[in-house]
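Remember, it's a predicted structure, so these values are computed and weren't measured experimentally. Hydrogens, waters and symmetry mates play no part in the numbers below; they use all other heavy atoms, side chains included.
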Amino acid sequence: MKEFWIYTIARLALFLVTWVTLAAVSALLFSDPNAMITLLLAFVISGVGSYFVLSAPREALARRVEERAGRASARYEEMRSREDADDDQA
């Protein structure tokens, strides 16, 4: 779960930094900046940026999820084989 929180917090931080930067630039360039446009632009820019900037935390999260899924699948198969063995004995 640590990898999930690291990636989530990093993604949120990247979005907030992008939004604040765009809002500041927009406020300097325009007398009345549109908050919705800066929000949408920040969402798009941080999304593209996170693909490149946050690749290492995303890969760590993916490895962790894959490991957990493998362990769960192995446990399921073990329980299933025990049930089959119990059925064969009966």
Novice: Could you grab the distance from atom CD1 of I9 to atom CG of L16, nearest 0.5 Å is fine?
Specialist: 11.5 Å
Novice: Which of these passes side-chain contact (heavy atoms from CB on, under 4.5 Å) with L22: I45, L39, V17?
Specialist: I45
Novice: With a 4.5 Å limit on heavy-atom distance, are the side chains of Y7 and L12 in contact?
Specialist: no
Novice: In terms of hydrophobic clusters joined by side-chain contacts under 4.5 Å, are V25 and M36 together?
Specialist: no
Novice: Atom CG in L54, atom CD in E59: separation rounded to 0.5 Å?
Specialist: 11.5 Å
Novice: Count I, L, V, M, F, W, Y as connected when their side-chain heavy atoms are under 4.5 Å apart, and connections chain through other members. Are L41 and F43 then in the same cluster?
Specialist: no
Novice: Can you measure from CG (N34) to OG (S26) and round to the nearest 0.5 angstrom?
Specialist: 8.0 Å
Novice: Please round to the nearest 0.5 Å and tell me the distance separating atom OG of S73 and atom CD of E78.
Specialist: 11.5 Å
Novice: Would you confirm whether R58, through its side chain, and Y51, through its main-chain N or O, come within 3.5 Å as a donor-acceptor pair?
Specialist: yes
Novice: In the single-linkage hydrophobic clustering (I, L, V, M, F, W, Y; side-chain heavy atoms under 4.5 Å), do F15 and L40 co-cluster?
Specialist: yes
Novice: Are any non-hydrogen side-chain atoms of V65 and R68 less than 4.5 angstrom apart?
Specialist: no
Novice: Step by step, would you call V48 with F52 a side chain to side chain contact (heavy atoms under 4.5 Å, CB included)?
Specialist: CA-CA 7 Å; V48 172; F52 298 105; 4.1 Å; yes
Novice: Do any N or O atoms from the side chain of T8 and from the backbone of F4 form a donor-acceptor pair under 3.5 angstrom?
Specialist: yes
Novice: For E66, look at atom CD and say whether over 12 heavy atoms of other residues, nucleotides or ligands are found less than 6.0 Å away.
Specialist: no
Novice: Ignoring hydrogens, what is the shortest heavy-atom contact between S46 and R11? Give both atom names and the distance.
Specialist: O-NE, 4.3 Å
